[in-house]
Chemist: 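Below are the structure tokens for one structure; questions will follow.
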Protein chains: 2
Amino acid sequence: MTMLKGKDIILSLLYKEPLTGYEIMERIQNRLGYFVEGSTGMIYPALKKLEKEGFITSEEIIQHDKPNKKRYTICENGRKSVQDYIESPISQDKFISDFLLRAYLETNPIKELVTHEIDQITKKLAKLIADNEAVIADMAAGQLFAYEFGKNMYQTQLNFLHRYLETEIRRNNP
Amino acid sequence: MTMLKGKDIILSLLYKEPLTGYEIMERIQNRLGYFVEGSTGMIYPALKKLEKEGFITSEEIIQHDKPNKKRYTICENGRKSVQDYIESPISQDKFISDFLLRAYLETNPIKELVTHEIDQITKKLAKLIADNEAVIADMAAGQLFAYEFGKNMYQTQLNFLHRYLETEIRRNNP
DNA sequence: CCGTACATGTAATTCGTTACATGATTTC
DNA sequence: GAAATCATGTAACGAATTACATGTACGG
């Protein structure tokens, strides 16, 4: 019943390959962004803690053209922790929507909410496609699956919202 | 950009009518449960704080057949806070999915994940329908909209997942 | 000169989760 | 006798949000 934690996300990513904090952030925000969250305020402190607790180790990489960076590598303890995560019960999906709350309570006019939401989702869908379509050929099956799932979800939501607006128009112009 | 808070949810509910903590919890978990979260550990302390800060007032209602209860009523300050919330930017939908993370990273076998997810969503959909279908006639437009949105989302997800399994079977039995 | 990509962090606070605790009444 | 519904809470801890802080290099 416990919720998905930053620790699990980060360690799972490091399970596959060593990464820097910046790369982890990039992956979470771009590739996993539609079903997981992560900000610098969460990631860097988490990495520090994880290192202190012996789940990962770090090495500094000197760069001359760009700022130096730290590459984190998972170690024995970290792998064990990921194993525990994998064997732990899958936590339930969580969907939080300010949009639906406002619609439900009718605090804001539904039509405005819908228009705004269409905008939001359209952007998210465009980003999702932009981030993934180019690399689709190299994707592992799971990545492809997750991508298709997300795309499908966004498209359905958009369809639903557009349908709503059309029905509204018809209702006002009989 | 700030996220939806318990405070806003509770005050918005109290904006319409006075409610007890238990009723608030019931509403959040049953009616708003597919797009908002709330537990006793969040609701009761929040109510206490809200009262202390002068957003709501409470009165005790003595009952003889059942335990006594406290009914909370929103006051001037509370209404003002709800107004601020209504006028504040709509925070983005948040979708967190342990299921998709595991699928993406292929930590667990996708087929097992999908089967499990179908189970979860089927239950949620059944609950959503059970909670709403009976009272559909008395629903305000916004409630109906939110309900249809949620139902549509769950159904689409289920379709997607079932389609995946079927494709898998065909792939293995050419 | 401006914005963006690269790169790492901290500090404060709020906030919520998780789990525990209690207890009456009704229904099966 | 057990389970569900009604009803309210606390306590500890962990975790994340939000915002701030800093700096290089490069392209337009």
Side-chain angles (χ1 to χ4, degrees), chain A residues 1-11 18-30 33 36-53 55-56 58-72 81 85 88-89 91-92 94 96 98 127 130-131, chain B residues 1-11 18-30 36-53 56 58-72 81 88-89 91-92 94 96 98 130-131:
Chain A
M1 287 266 171
T2 34
M3 259 309 295
L4 185 57
K5 300 274 163 44
K7 176 188 172 183
D8 294 319
I9 302 170
I10 292 172
L11 283 183
L19 295 167
T20 68
Y22 191 78
E23 286 168 335
I24 290 173
M25 202 180 65
E26 183 271 333
R27 273 187 182 43
I28 291 182
Q29 287 182 351
N30 296 339
V36 132
E37 296 216 330
S39 55
T40 65
M42 177 242 135
I43 293 165
Y44 287 108
L47 283 168
K48 203 172 210 185
K49 202 181 166 211
L50 252 18
E51 187 175 17
K52 205 181 66 194
E53 293 170 343
F55 293 110
I56 58 180
S58 70
E59 45 175 332
E60 182 134 26
I61 297 174
I62 312 293
Q63 298 187 122
H64 299 290
D65 48 333
K66 294 174 198 170
N68 294 346
K69 56 186 178 182
K70 268 162 100 178
R71 182 195 284 137
Y72 291 94
S81 173
Y85 160 60
S88 74
S91 59
Q92 296 220 353
K94 186 171 174 171
I96 303 291
D98 192 10
K127 179 169 163 39
D131 286 348
Chain B
M1 286 260 172
T2 36
M3 259 306 298
L4 185 58
K5 300 274 163 46
K7 176 188 171 181
D8 294 319
I9 303 169
I10 291 172
L11 282 184
L19 295 166
T20 68
Y22 191 79
E23 286 167 336
I24 291 172
M25 201 181 67
E26 183 271 332
R27 274 191 182 40
I28 292 181
Q29 289 182 348
N30 296 339
V36 131
E37 295 216 330
S39 55
T40 64
M42 176 244 135
I43 293 164
Y44 286 108
L47 284 169
K48 203 173 209 181
K49 202 179 165 214
L50 252 20
E51 187 175 15
K52 203 180 67 192
E53 293 169 346
I56 57 181
S58 70
E59 46 173 332
E60 182 135 28
I61 296 173
I62 312 294
Q63 298 186 120
H64 299 291
D65 46 334
K66 296 175 199 170
N68 294 345
K69 57 187 178 181
K70 268 161 99 177
R71 182 195 284 137
Y72 290 93
S81 173
S88 74
S91 59
Q92 296 220 356
K94 185 173 179 172
I96 304 292
D98 192 10
D131 286 348

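Each chain gets a letter, A, B and so on, in the order the sequences are listed, and its residues count up from 1. The analysis underlying the following values was restricted to heavy atoms, covering all of them including side chains, and did not include hydrogens, waters or symmetry mates.
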Chemist: Rounded to whole Å, how long is the line connecting atom NZ of K69(B) with atom P of dA24(C)?
Modeler: 18 Å

Chemist: Starting from C1' on dA5(C), measure out to CG on N30(A) and report it in whole angstrom.
Modeler: 12 Å

Chemist: More 5' along DNA chain C: K66(B) or L4(B), using each one's nearest nucleotide?
Modeler: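 Comparing both residues, the 5'-ward one is L4(B).
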
Chemist: For the side chain of Y72(B), starting at C-beta, report the closest nucleotide among dT26(C), dA7(C), dG9(D).
Modeler: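 Between dT26(C), dA7(C), dG9(D), the one nearest the side chain of Y72(B) would be dG9(D).
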
Chemist: Quick one: CG on L19(A) to CG on L47(A), what's the gap to the nearest 0.5 Å?
Modeler: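 Between atom CG of L19(A) and atom CG of L47(A) there are 9.5 Å.
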
Chemist: Under 4.0 Å between any heavy atoms, over every strand shown, what does K7(A) touch: base, sugar-phosphate, or nothing? Just pick one.
Modeler: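 Nothing, no nucleic acid heavy atom in range.
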
Chemist: With a sphere of 6.0 Å drawn around CZ of R27(A), does it hold more than 12 non-hydrogen atoms of other residues, nucleotides or ligands?
Modeler: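 Count over threshold, so yes.
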
Chemist: Which part of the nucleic acid does E26(B) contact within heavy-atom distance under 4.0 Å: base, sugar-phosphate only, or nothing?
Modeler: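 Touches nothing.
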
Chemist: Please check: side-chain N/O of Q63(B) versus main-chain N/O of P67(B), any donor-acceptor pairing under 3.5 Å?
Modeler: yes

Chemist: Just N and O in the side chain of K49(B): are any of them under 4.0 Å from OP1 or OP2 of dT14(C)?
Modeler: no

Chemist: For T2(B), answer base if it contacts any base atom (sugar-phosphate contacts may also be present), sugar-phosphate if it contacts only those atoms, and nothing otherwise; contact means non-hydrogen atoms under 4.0 Å.
Modeler: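 Answer is sugar-phosphate: T2(B) comes under 4.0 Å of backbone atoms only.
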
Chemist: In whole Å, what is the span from the CE atom of M42(B) to the P atom of dC13(D)?
Modeler: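 The answer, rounded to whole Å, is 22 Å.
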
Chemist: Give one of base, sugar-phosphate or nothing for T40(A), where a contact means two heavy atoms less than 4.0 Å apart.
Modeler: base

Chemist: Taking only side-chain N and O atoms of Q63(B), does any of them lie within less than 4.0 angstrom of OP1 or OP2 on dA7(D)?
Modeler: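 So the side-chain polar atoms of Q63(B) do come within 4.0 Å of the phosphate oxygens OP1 or OP2 of dA7(D), strictly under.
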
Chemist: Whole-Å distance between dG16(C) P and K94(B) NZ?
Modeler: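 Taking NZ of K94(B) and P of dG16(C), I get 10 Å after rounding.
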
Chemist: Looking for any heavy atom pair under 4.0 Å, which part of the strands does M3(B) touch: base, sugar-phosphate only, or nothing?
Modeler: sugar-phosphate

Chemist: Would you indicate, yes or no, if dT8(D) has its OP1 or OP2 atom less than 4.0 angstrom from a side-chain nitrogen or oxygen of Y22(B)?
Modeler: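 Checking dT8(D) against Y22(B), no side-chain N or O comes under 4.0 Å of OP1 or OP2.
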
Chemist: I need the CD-C1' distance between Q29(A) and dT8(C), as an integer number of Å.
Modeler: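 Result: 14 Å.
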
Chemist: At their closest point, which heavy atom of T40(A) faces which heavy atom of P45(A), and how far apart are they?
Modeler: O-CD, 3.4 Å

Chemist: Rounding to an integer number of Å, can you tell me how far Y44(B) OH sits from dT18(C) P?
Modeler: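 To the nearest whole Å, that distance equals 19 Å.
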
Chemist: What is the distance from atom CD1 of I56(A) to atom CZ of R71(A), rounded to the nearest 0.5 Å?
Modeler: 13.5 Å

Chemist: To the nearest Å, how far apart are K5(B) NZ and dG16(C) P?
Modeler: 7 Å

Chemist: Hey, does G21(B) reach any base, or is it just sugar-phosphate, or nothing, if we go heavy atoms under 4.0 Å?
Modeler: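 Since only primed, P, OP1 and OP2 atoms lie under 4.0 Å of G21(B), the category is sugar-phosphate.
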
Chemist: To the nearest angstrom, how far is K48(B) atom NZ from dT8(D) atom C1'?
Modeler: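 Going from K48(B) (NZ) to dT8(D) (C1'), I get 10 Å.
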
